[in-house]
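Everything on this sheet refers to the single structure shown next.
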There are 2 protein chains.
Amino acid sequence: MQTRQRRSRLIDFVRVRGFASLDDLVRELGVSESTIRRDLDALEEQGTAKRTHGGVLYAGGHARLPEFDERQPAHWGAKRAIAAAAAERIHDGETVLLDGGTTTYEVARLLVGRSIQVVTNSLPVANLFASESRADLVLLGGYVSPRTGVCLGPYANELLGRLHVTTTVLSAAGITAEGLYNAHLLLAETEQAMLRAAGQVFVVADSSKFGRKSLTFVSGLDSIDLLVSDTGLSEEWRQQIAAAGVDLVVVEPAPNEPLDGDHHPHRDDRSKPSREHHT
Amino acid sequence: MQTRQRRSRLIDFVRVRGFASLDDLVRELGVSESTIRRDLDALEEQGTAKRTHGGVLYAGGHARLPEFDERQPAHWGAKRAIAAAAAERIHDGETVLLDGGTTTYEVARLLVGRSIQVVTNSLPVANLFASESRADLVLLGGYVSPRTGVCLGPYANELLGRLHVTTTVLSAAGITAEGLYNAHLLLAETEQAMLRAAGQVFVVADSSKFGRKSLTFVSGLDSIDLLVSDTGLSEEWRQQIAAAGVDLVVVEPAPNEPLDGDHHPHRDDRSKPSREHHT
DNA sequence: TGACTTATGGTCGCCTTCAACCATACTACG
DNA sequence: CGTAGTATGGTTGAAGGCGACCATAAGTCA
């Protein structure tokens, strides 16, 4: 009766590796393929593991945040290109404050491996840097919003009040001529604190955000130093932004599925995901 | 020439889901199976994805913390049993403060889905509860230690000073008659703050920790209310702990591979992973 | 002791997946 | 215009995984 032990070892094994083939498990546990199959059936029914053709996938841990699951293909290409343009403008040795949100998360992905200091209130962003020995990571504490995985509340704001960073990379739910808007009341306060802590402020927002308001006002355009968006931005908006004294970088949402109509990209570069036009 | 777009979408898709079958990808991307296969070959060579029989596994993100990868089989059975015993003693509606460490992580895993409030300084623990709507999560901020993924430093301690929790579940690197020891200087301070914030204190530590000192002294045994360990604990230690006025729960490290010599466990229960002896 | 339950390992068709090959369409280049 | 390179889709024989069935062993219960 060592079946419980074996299954326990099995799930440990799968958890550590994320995935294991039937053959791996036969070798690791020293039992027959049939037994492994029965174990997997049991564990799948129990919900701990998920079978695939040829192996098992760990299903127990790694909760996923809903916001990151729903990808809107139309915006993803833009988000990635915007993130690339923002990440290019952050240099080694800087201290970067990263907001929550999917676009800033993309920025964070591109910063992994760089020698920087990262401050963030976003749990997904923190995970990216947690095991990075090259980057120092400071996490803002407080209440964690279940939907987005960001830290909110007075504690986060208070800690921010005592920090100073080179660059803050902020997201926004909406942008109008008045300024930035966000969908969460507490988050707005935290973002205001982020603005105060920053030497310079980048805002990353795809063109669909412009002209939209959201629940709460965060800040006027005057506190922004650089705004990164995509080519979907109309000429009027570009002028309004320039009039507000904000630098604007517009990138092409190229490497994904959206429109990307008839022009010939003529790519022979391998890594650069987009071209950009600076005003 | 939309192959780069397609591959970009492919890896996005795989990243979000963690795993995707060939058929999923055919449906999602609207190209033939052959094309998908070629894409996967390319992406695998590039290192972004890992092929398995029947599908792909995302290989790019999800940095894993080294401490959680190395599983010492001899201790894992004990850790799991200890965690189960500790989790049983936490009731719905309580506020629980969870320390970092692998044993406390196991406790956290067992608490997922319960209606509790969780406070933690551990990033892996926070991830478990981040998308849990049933549990409220408060994360301590501060500098994140790259090896263990826990938040340290004055900010964490300061926030702790303003909190009060029902139960603190603490880990330890070593336990002697004098008390608890830990391997990290800053963490010791944070753990002292955790003790001050707690109504009652549980310490989870397998028997190998006893008699070992570590870098810094954390606290005397008198601040502990309950100590959970495994049957490897010698009779002398049990008496010493009892003499210090600490409740002791000893569990059998059964359901894993270690020794587990000649005694007959006689299990006919299905869910209880261990028997325990309360003093 | 005998019937029953459970755990395990082996085998046998059936189905899926794989890798390789071939045909087609499109582009680039001379 | 022809040739070469590339991207794609379809097919096919081979390999491997899958589920079901059966046999064996050990333990449980009456």
Side-chain angles (χ1 to χ4, degrees), chain A residues 1-11 13-14 17 19-46 48-59 254-257 260-270, chain B residues 1-11 13-14 17 19-46 48-57 254-257 260-273 275:
Chain A
M1 171 82 82
Q2 69 275 40
T3 143
R4 301 240 332 267
Q5 300 181 20
R6 171 166 32 80
R7 289 189 182 168
S8 177
R9 284 185 57 195
L10 195 158
I11 121 100
F13 186 73
V14 174
R17 316 217 330 188
F19 177 85
S21 75
L22 274 246
D23 218 38
D24 290 341
L25 294 169
V26 168
R27 260 194 300 276
E28 173 73 13
L29 302 175
V31 293
S32 80
E33 191 184 301
S34 297
T35 302
I36 298 288
R37 281 217 166 74
R38 275 184 286 261
D39 287 349
L40 297 188
D41 286 340
L43 290 174
E44 182 166 38
E45 190 154 355
Q46 178 193 326
T48 324
K50 181 159 169 48
R51 296 193 58 178
T52 75
H53 278 252
V56 233
L57 203 56
Y58 183 62
N256 220 328
E257 100 170 335
D260 195 11
D262 40 344
H263 55 53
H264 286 237
H266 185 68
R267 285 194 201 88
D268 48 7
D269 56 339
R270 293 215 146 269
Chain B
M1 172 81 81
Q2 68 275 42
T3 142
R4 299 238 335 267
Q5 301 180 21
R6 171 166 32 81
R7 291 189 181 168
S8 175
R9 286 185 55 197
L10 195 157
I11 122 100
F13 187 73
V14 174
R17 317 217 330 185
F19 177 86
S21 75
L22 275 245
D23 217 39
D24 290 341
L25 294 169
V26 167
R27 260 193 299 274
E28 175 71 13
L29 301 175
V31 293
S32 78
E33 190 184 301
S34 298
T35 302
I36 299 287
R37 279 217 167 72
R38 274 183 289 260
D39 288 348
L40 295 188
D41 287 340
L43 290 175
E44 182 166 37
E45 191 153 357
Q46 178 193 327
T48 324
K50 180 158 169 46
R51 295 192 59 177
T52 75
H53 280 252
V56 234
L57 203 56
N256 220 328
E257 99 170 333
D260 198 8
D262 39 344
H263 56 51
H264 286 237
H266 182 68
R267 285 195 202 86
D268 48 6
D269 55 339
R270 292 209 146 270
S271 58
K272 289 295 191 60
R275 296 179 301 167

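Source: prediction; values computed, not measured.
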Lys/Arg-Asp/Glu bridge criterion (N-O < 4.0 Å) met for B/R37, B/D41: no

Atom pair OG1 (B/T52) and CG (B/L22), whose distance is rounded to the nearest 0.5 Å: 8.5 Å

A/T35 side chain near C/dT8 phosphate (N/O to OP1/OP2, under 4.0 Å): no

Value in whole Å for how far the P atom of D/dG9 lies from CG of B/L29: 11 Å

Nearest-0.5 Å distance that lies between atom CG in B/D24 and atom CZ in B/F19: 8.0 Å

Distance, rounded to the nearest Å, where B/I36 contributes CD1 and D/dG10 contributes C1': 15 Å

Rounded interatomic separation in angstrom, taking CD from B/E44 and C1' from C/dA19: 14 Å

Euclidean distance, atom CG of residue A/D39 to atom C1' of C/dG9 [Å, nearest integer]: 13 Å

Nucleic acid footprint by protein, nucleotides 17-26 of chain D - heavy-atom cut-off 4.0 Å, B for base, S for sugar-phosphate alone: SBS-------

Inter-residue atom distance A/I11.CD1 - A/D39.CG, 0.5 Å rounding: 12.0 Å

Whole-Å gap separating P (D/dG16) and CG (A/D24): 15 Å

Integer-rounded Å distance: C/dT8 P and A/L10 CG: 12 Å

pair A/L57-B/L57: side-chain heavy atoms closer than 4.5 Å: yes

Separation between CG of B/D23 and CD of B/E33, rounded to the nearest 0.5 Å: 7.5 Å

